K.L.:
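Structure incoming, see below.
Computed from a predicted structure; not experimentally measured.
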Amino acid sequence: MPFLQDKILYSGILVFCMTILVSSHSRPYSPSSVAHLTDYFPHVSIDQGFSKSFGGSNIQLISNGSMANLALDKTSGAGLVSKNKYYYGFFSAAIKLPSGLSSGVVVAFYLSNADTFPHTHDEIDIELLGHEEGNDWAFQTNIYANGSVSTGREERFNLWFDPTEQHHQYSIIWNSYHTVFLVDNIPVREFIHNSAFPFVYPSKPMSVYATIWDGSAWATHGGKYPVNYKYAPFVVSFANVEMSGCIWNPTAPVSSCSKAGTSSYDPVEGPEFVKLSKQQIEAMDWARRKLMFYSYCKDTPRFKVLPPECK
């Protein structure tokens, strides 16, 4: 019996230690209860909401068009573009990233109007950047307004999960109050619309894009590690897409662009889209303290004078 008891005790200690080891590697986090904004809106079928932008042979629609696999190989990347342009709204996609060595690979879910305003375009970016060692993808956010591509407002984060194991939700709130980036409904960045310098805030209708492409020149450690096509094809899965907001009508004035039933909020309804809750602020504070490893607002070698919103 003593031997059995010692064996049970040893097994318990081993399990406890393994639990700590696994947990430390998975960077667990259980935030305060935050609103699951992705539950508020219907999913958009990809075959109905999007057109093929490039790399058509590398785009595979599955599950009756509700999901899409996009591939990057030696011949091409692949991209989808929304059939409508939007002026403010909530935009989200569940994304499962390619596993294995992924250096130089860029997966993006973003809004842009570069096709309409090539020299003064706006852009709101979610970019997932491949890594040279396994599945440690980086999560990057960026904002351009009125063609301010030379500024760039990048912030980069580690993720607290393996993004290649299953789908995770990546979302954008864009309205006249602020732009918010969320991962699994947890805000990681808020970019507030400031009337003191309105020119830095995206303000023109944009299309929604979902892409995978070769970012060898910059994506992984400044281009140090390019895409290794020995591991191609790199396949990303997009599902549970949500695009709710104001569908822009080019024949009508922008001021008329609003959703039925809204009052002072544009155009997704409710105060939860105007101001972050206490729980959301706490969760965002955790993400920025623990996971953010680059912010343009701290890059003094890059900017002799920091952009105005950094002050």
K.L.:
Is a donor on one side and an acceptor on the other found under 3.5 Å between the side chain of S207 and the backbone of V81?
P.N.:
no
K.L.:
Sort out for me which residue in L37, V44, T38 forms a side-chain contact (heavy atoms from CB on, under 4.5 Å) with E242.
P.N.:
T38
K.L.:
Within a strict 4.5 Å, meaning less than it, do heavy atoms of the I186 and Q279 side chains meet?
P.N.:
no
K.L.:
Which residue in the set V183, L182, I172 passes side-chain contact (heavy atoms from CB on, under 4.5 Å) when paired with I126?
P.N.:
I172
K.L.:
So I95 and Q169, side-chain contact (heavy atoms from CB on, under 4.5 Å) or not? Walk me through it.
P.N.:
CA-CA 6 Å; I95 304 173; Q169 206 81 32; over 6 Å; no
K.L.:
If we ignore hydrogens and angles and just use 3.5 Å, is the side chain of D125 paired with the main-chain N or O of E127 as donor and acceptor?
P.N.:
no
K.L.:
Using distance alone, with no hydrogens and no angle criterion, decide if D299 and Y294 have a side-chain donor and acceptor under 3.5 Å apart.
P.N.:
yes
K.L.:
Can you get from F303 to M292 by hopping between Ile, Leu, Val, Met, Phe, Trp and Tyr side chains that sit under 4.5 Å apart?
P.N.:
yes
K.L.:
How far does CG of L128 sit from OH of Y170, to the nearest 0.5 angstrom?
P.N.:
5.0 Å
K.L.:
Are the side chain of R156 and the backbone of S295 linked by a donor-acceptor contact shorter than 3.5 Å?
P.N.:
no
K.L.:
Assess the side chains of T141 and E155: does a donor N or O sit below 3.5 Å from an acceptor N or O?
P.N.:
no
K.L.:
Where do S45 and G65 come nearest, in terms of heavy atoms and distance?
P.N.:
OG-O, 3.2 Å
K.L.:
Between D162 and T164, is any side-chain donor less than 3.5 angstrom from a side-chain acceptor?
P.N.:
yes
K.L.:
Can you confirm whether S171 sits close enough to F90 that some side-chain heavy atom of one is under 4.5 Å from a side-chain heavy atom of the other?
P.N.:
yes
K.L.:
Looking only at the side chains, is there a donor atom on one of Y229 and D214 sitting less than 3.5 Å from an acceptor on the other?
P.N.:
yes
K.L.:
Keeping N175 on the side-chain end and H178 on the backbone end, is there a donor-acceptor pair under 3.5 Å?
P.N.:
yes
K.L.:
Using distance alone, with no hydrogens and no angle criterion, decide if Y225 and E133 have a side-chain donor and acceptor under 3.5 Å apart.
P.N.:
no
K.L.:
Please confirm whether the backbone N or O of N146 pairs with a side-chain atom of D122, one donor and one acceptor, at under 3.5 Å?
P.N.:
yes
K.L.:
So with a 6.0 Å cut-off around CG of N64, is the heavy-atom count from everything else above 12?
P.N.:
no
K.L.:
Given side-chain hydrogen bond (donor to acceptor under 3.5 Å, both in side chains), test N84 with S82 step by step and report yes or no.
P.N.:
CA-CA 5 Å; N84 294 313; S82 61; over 6 Å; no
K.L.:
Should W218 and F139 be counted in the same cluster of Ile, Leu, Val, Met, Phe, Trp and Tyr side chains packed under 4.5 Å apart?
P.N.:
no
K.L.:
Shared ILVMFWY cluster between L61 and M243, side chains joined below 4.5 angstrom?
P.N.:
yes
K.L.:
Does the E309 side chain pair with the main chain of N194, one donor and one acceptor, at a distance under 3.5 Å?
P.N.:
no
K.L.:
Given side chains that start at C-beta, do those of T211 and L80 come closer than 4.5 Å, heavy atoms only?
P.N.:
no
K.L.:
Before giving the answer on side-chain contact (heavy atoms from CB on, under 4.5 Å), spell out for Y86 and W248 the whole-Å C-alpha distance, their side-chain angles and the decisive distance to 0.1 Å.
P.N.:
CA-CA 5 Å; Y86 296 85; W248 181 59; over 6 Å; no
K.L.:
Has the side chain of Q280 got a donor or acceptor atom that lies under 3.5 Å from a matching backbone atom of S277?
P.N.:
yes
K.L.:
May I ask you to check whether over 12 heavy atoms, not counting those of K83, lie within 6.0 Å of atom NZ?
P.N.:
yes
K.L.:
Between T151 and Y144, does a side-chain contact (heavy atoms from CB on, under 4.5 Å) hold up when you go through it step by step?
P.N.:
CA-CA 8 Å; T151 303; Y144 298 123; over 6 Å; no
K.L.:
Considering only heavy atoms from C-beta outward, does the side chain of P307 approach that of C297 to under 4.5 Å?
P.N.:
no
K.L.:
How long is the span from the CZ atom in F199 to the OG atom in S148, to the nearest 0.5 Å?
P.N.:
9.0 Å
K.L.:
Anything under 30° is parallel, anything over 60° is perpendicular, the rest tilted; go ahead and classify Y209 against Y110.
P.N.:
parallel
K.L.:
Considering non-hydrogen atoms only, spot the tightest contact between I62 and A68 and give its length.
P.N.:
CG1-N, 4.5 Å
K.L.:
With ring centroids as reference points, do F157 and F293 lie under 6.0 angstrom apart?
P.N.:
no
K.L.:
Can you see which heavy atom on L276 is nearest to which on M284, and at what distance?
P.N.:
CD1-CE, 3.7 Å
K.L.:
Quick one: are the ring centres of F109 and F50 less than 6.0 Å apart?
P.N.:
no
K.L.:
Calculate, to the nearest 0.5 Å, the distance between atoms OG and OH belonging to S195 and Y201 respectively.
P.N.:
12.5 Å
K.L.:
Please assess N58 against L70 for the test side-chain contact (heavy atoms from CB on, under 4.5 Å), listing each intermediate value before the final yes or no.
P.N.:
CA-CA 6 Å; N58 284 356; L70 276 60; over 6 Å; no
K.L.:
Can you name the closest pair of heavy atoms from V34 and A283 and give their distance?
P.N.:
CG1-CB, 4.1 Å
K.L.:
Atom OH of Y87 and atom CD1 of I247: how far apart are they, to the nearest 0.5 Å?
P.N.:
16.0 Å
K.L.:
Any chance you could measure C310, atom SG, to R153, atom CZ, to the nearest 0.5 Å?
P.N.:
7.5 Å
K.L.:
Report yes if the side chains of F41 and V268 come closer than 4.5 Å at any heavy-atom pair, otherwise no.
P.N.:
yes
K.L.:
Would you call H131 and S103 a side-chain contact if the rule is heavy atoms closer than 4.5 Å?
P.N.:
no
K.L.:
Establish, from distance only, whether the side-chain atoms of H121 and S112 form a donor-acceptor pair under 3.5 Å.
P.N.:
no
K.L.:
If you round to the nearest 0.5 Å, how far is NE2 of H43 from CE of M67?
P.N.:
11.5 Å
K.L.:
Is there a side-chain contact between N142 and E123, using heavy atoms and a 4.5 Å cut-off?
P.N.:
no
K.L.:
Would you verify whether the NZ or CZ of K204 falls within 45 degrees of the ring axis of F117 while also being under 6.0 Å from that six-membered ring's centre?
P.N.:
yes
K.L.:
What is the minimum heavy-atom distance between R189 and E154, and which atoms define it?
P.N.:
NH1-C, 4.3 Å
K.L.:
So that I know where these two stand, are H168 and F161 an aromatic pair - ring centroids less than 6.0 Å apart?
P.N.:
yes
K.L.:
Identify whether I59 and L97 are in the same connected component of the hydrophobic contact network (ILVMFWY, side-chain heavy atoms under 4.5 Å).
P.N.:
yes
K.L.:
Between T220 and G130, what is the shortest heavy-atom contact and its length?
P.N.:
OG1-O, 3.0 Å
K.L.:
Are W137 and V236 connected into the same hydrophobic cluster when the rule is that any two of I, L, V, M, F, W, Y join if their side-chain heavy atoms are below 4.5 Å apart?
P.N.:
yes
K.L.:
Any heavy-atom pair between the side chains of I212 and F234 that's under 4.5 Å?
P.N.:
yes
K.L.:
Could you tell me if the ring centre of Y88 sits under 6.0 Å from that of W174?
P.N.:
yes
